[in-house]
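I have placed the structure first, in the form of structure tokens, so that the comments after it can refer back to it.
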Protein chains: 2
Amino acid sequence: MAKERLTSFDIAYLAGVSQPTVSRALRGSASVSEQTRKRILAIAKQHNYTVDRHASSLRTQRSNTLALLFFEDPTDDDTMINPFFLAMLGSITRAAADRGHDLLISFQSQDSDWHAAYRDSRRADGIILLGYGDYTEYAPKLARLEAQDTPFVLWGLPPGHEAVGTAIGSDNVQGGHVATRHLLERGRRRIAFLGSVSAGCPEFQARFDGHAAALAEHDLGIEPALMADARSIEEDGRVAMRAILSRGVAFDAVFAVSDLIALGAIHTLQEAGLRVPEDVAVVGFDDIPSAALGSPPLTTVAQDVRTAGTALVEALLARIAGQKVESRLLPTRLVVRKSSG
Amino acid sequence: MAKERLTSFDIAYLAGVSQPTVSRALRGSASVSEQTRKRILAIAKQHNYTVDRHASSLRTQRSNTLALLFFEDPTDDDTMINPFFLAMLGSITRAAADRGHDLLISFQSQDSDWHAAYRDSRRADGIILLGYGDYTEYAPKLARLEAQDTPFVLWGLPPGHEAVGTAIGSDNVQGGHVATRHLLERGRRRIAFLGSVSAGCPEFQARFDGHAAALAEHDLGIEPALMADARSIEEDGRVAMRAILSRGVAFDAVFAVSDLIALGAIHTLQEAGLRVPEDVAVVGFDDIPSAALGSPPLTTVAQDVRTAGTALVEALLARIAGQKVESRLLPTRLVVRKSSG
DNA sequence: CTGAAAGCGCTTACAG
DNA sequence: CTGAAAGCGCTTACAG
């Protein structure tokens, strides 16, 4: 029921040592005798004493806190967050906690001046960036962060990423390749591609490159009539699927650049009276929770969320420590469910 | 490319005033002339100066940070987070940001001594608690937090919540009532109930109470053969549904205490050759993203995530400010989709 | 191995 | 309306 918070001076008094000795003992300094250290730790524990993080941070100039910034396409519904990023959150949080760091989270709109706020106010030692709306608008801000010497890591590996600092991302080319090869192995030959292939969406572009490469291996080319733009939500998938259906071209499979888009496509196909997978096989990307729960369950390319969280946090801590950190590609994994036959 | 971080002394020098005046100007103190304030703000902005949060917090003893603690049933997969809580996260983050507070997030296991850590280390001014595994084990910890005078708010309103401090929760009795009434209005009379009705799950218990009340209004009673235990994940829903099917009792509807459980039930029903909603109508609870994306889309009781986030943050800030805050029930809303016919 | 001293960058009485 | 001074609770050279 202690109303007064104890300080290291109080603990020092109780232990019969000086305050600096308490500080050293708590931080595990080698220059405190084992016996003294144990006594101090016991007393601290008994009185629920914990170092004041602000005093400590002020003195050391390190906050032991990482900031996780989500960027979202602006939507009306604040609560609509890309489910894939949400999965990453759990993984990142644990990775940070395991390494003794707190995690501050924030949702940012594209236009805010986030590039300054976290670092300048010392709330966080570094920044993890997730999602970026349109990459072409985003890139200049990354360059500024880099110029400012703010430690950050980016999720998703755009082409030319060397110029934008350290990035960790899935091997999207490989992922796209695996998805389309799987459909080809199942005997499908006319594979529609749903997703935005543009500089604004470098990750989707990479998935498309993998898709095209897999087709080429079977001497198949890209047919513009089998492609439709889609960027993020389920509705985008519906719109894209309807566009292709309206063209009257034949197709027996769909590769969508995200699960949300794939789910939209499946719903549109089913409403049009087509059976999935009998008439049209569908493969998505991400392996969000809804993928396994749909009817039929969705075959998809899973990103390795667990490894991603750890890799992001470790890369960021290394950068904070002043090390050079190479960008890194993480392998993806095909998860076969019923939607692909 | 300023490598040296500026302090309020630097800004003071540049503005030709004393350092305290800079501090006052930045905090909008009334005792700084309008002209001086504008000049100081301009200079601060120009030099990207931001107040050092640690120095400020050390001095004021306020961190302007809230901690969001998730409690999860222990699972192997760290990334499996209840999708409903994830939706709350977005809402809480924005509510905190709107009120000038950062949000620290952390996943806790049931047994950690979280009740001390955040407050004692001054990292956060208060705590928002989400999820609690088994409530009977959890309640004593809440009592301890309360005794320690740590400001906190709890999501979910257990019976007797007055004793555990401030809680904000959905009106689960009303929600359960609305769900079952809806099924009754659609002409269903034999309604299975999937969910754990026990002291460990007070929210599910409340949903059951609403369910029972709705039945009673139609002169229907509870049939134990139509009830089965289920706690959280989709697989729990499958197991519960199979249990009821195996009993060979007739039923034409299912009310599940969560969407995840409802989705598991639907899958099991469909695998057993039953049609949803023709043979069995299904209603869930939460309105997670997967609910709308399934086949058929799930009728469910939506919790008001937006209001919940705001209410939690405001209640917590009021408690931090030393005010008494009443616990509060939020209304739920039935979202009718295809699964209920 | 331990202690006395300085200082991290603010905010806020206090005095004018 | 503004400034000089004290102090929040630590950590870390420095000296012994």
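- With a cutoff of under 4.0 Å to any heavy atom of chain B, the contacted region of DNA chain D is bounded 5' to 3' by D:dC1 to D:dG9.
- Nearest heavy atom pair, residue B:Gly165 against residue B:Ser327, reads O-OG, 3.6 Å.
- Using modelled atom types and a 3.5 Å distance limit, the side chains of B:Thr310 and B:Thr307 yield no donor-acceptor pair.
- If you take atom C1' in C:dG16 and the same atom in C:dT12, they sit 16 Å apart, rounded to whole Å.
- Side-chain contact check for B:Thr36 and B:Ser33: at least one donor-acceptor pair (N or O, by modelled atom type) lies under 3.5 Å.
- At the heavy-atom level, B:Arg27 lies under 4.0 Å from the strands shown only through sugar-phosphate atoms.
- When each of B:Glu34 and A:Ser56 is assigned the nucleotide of DNA chain D bearing its nearest heavy atom, the one mapping closer to the 5' terminus is B:Glu34.
- Here A:Ser31 lies in heavy-atom contact (under 4.0 Å) with a base.
- The pair B:Asp102-B:Arg53 meets the salt-bridge criterion, since a charged nitrogen lies less than 4.0 angstrom from a carboxylate oxygen.
- With contacts defined as side-chain heavy-atom distances shorter than 4.5 Å, the pair A:Arg122/A:Ser57 does not qualify.
- A salt bridge does not link A:Glu326 to A:Arg319: none of the charged side-chain nitrogens sits closer than 4.0 Å to a carboxylate oxygen.
- The number of heavy atoms from other shown groups lying within 6.0 Å of CD (A:Gln323) is above 12.
- The shortest side-chain heavy-atom distance between B:Ile128 and B:Leu69 does not fall under the 4.5 Å cut-off.
- Against DNA chain C, the stretch residues 11-23 of chain A makes heavy-atom approaches under 4.0 Å through A:Val17, A:Ser18, A:Pro20, A:Thr21.
- B:Leu68 is listed as a side-chain neighbour of B:Phe70, based on a closest heavy-atom distance under 4.5 Å.
- Among the atoms of the strands shown, none is found under 4.0 Å from any heavy atom of A:Ala25.
- The residue B:Ser57 sits apart from the nucleic acid: no heavy atom pair falls under 4.0 Å.
- Summarising the local packing, CD of A:Glu34 is surrounded by more than 12 heavy atoms from other residues, nucleotides or ligands at distances under 6.0 Å.
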Could you spell out the base pairing of DNA chain C as a dot-bracket line? Use Watson-Crick and G-U wobble contacts where both distances are under 3.5 Å, [ ] for crossing pairs, | for partners on a different strand.
|||.||||||||.|||
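- Counting only heavy atoms from C-beta outward, the side chains of A:Leu89 and A:Ile105 approach each other to under 4.5 Å.
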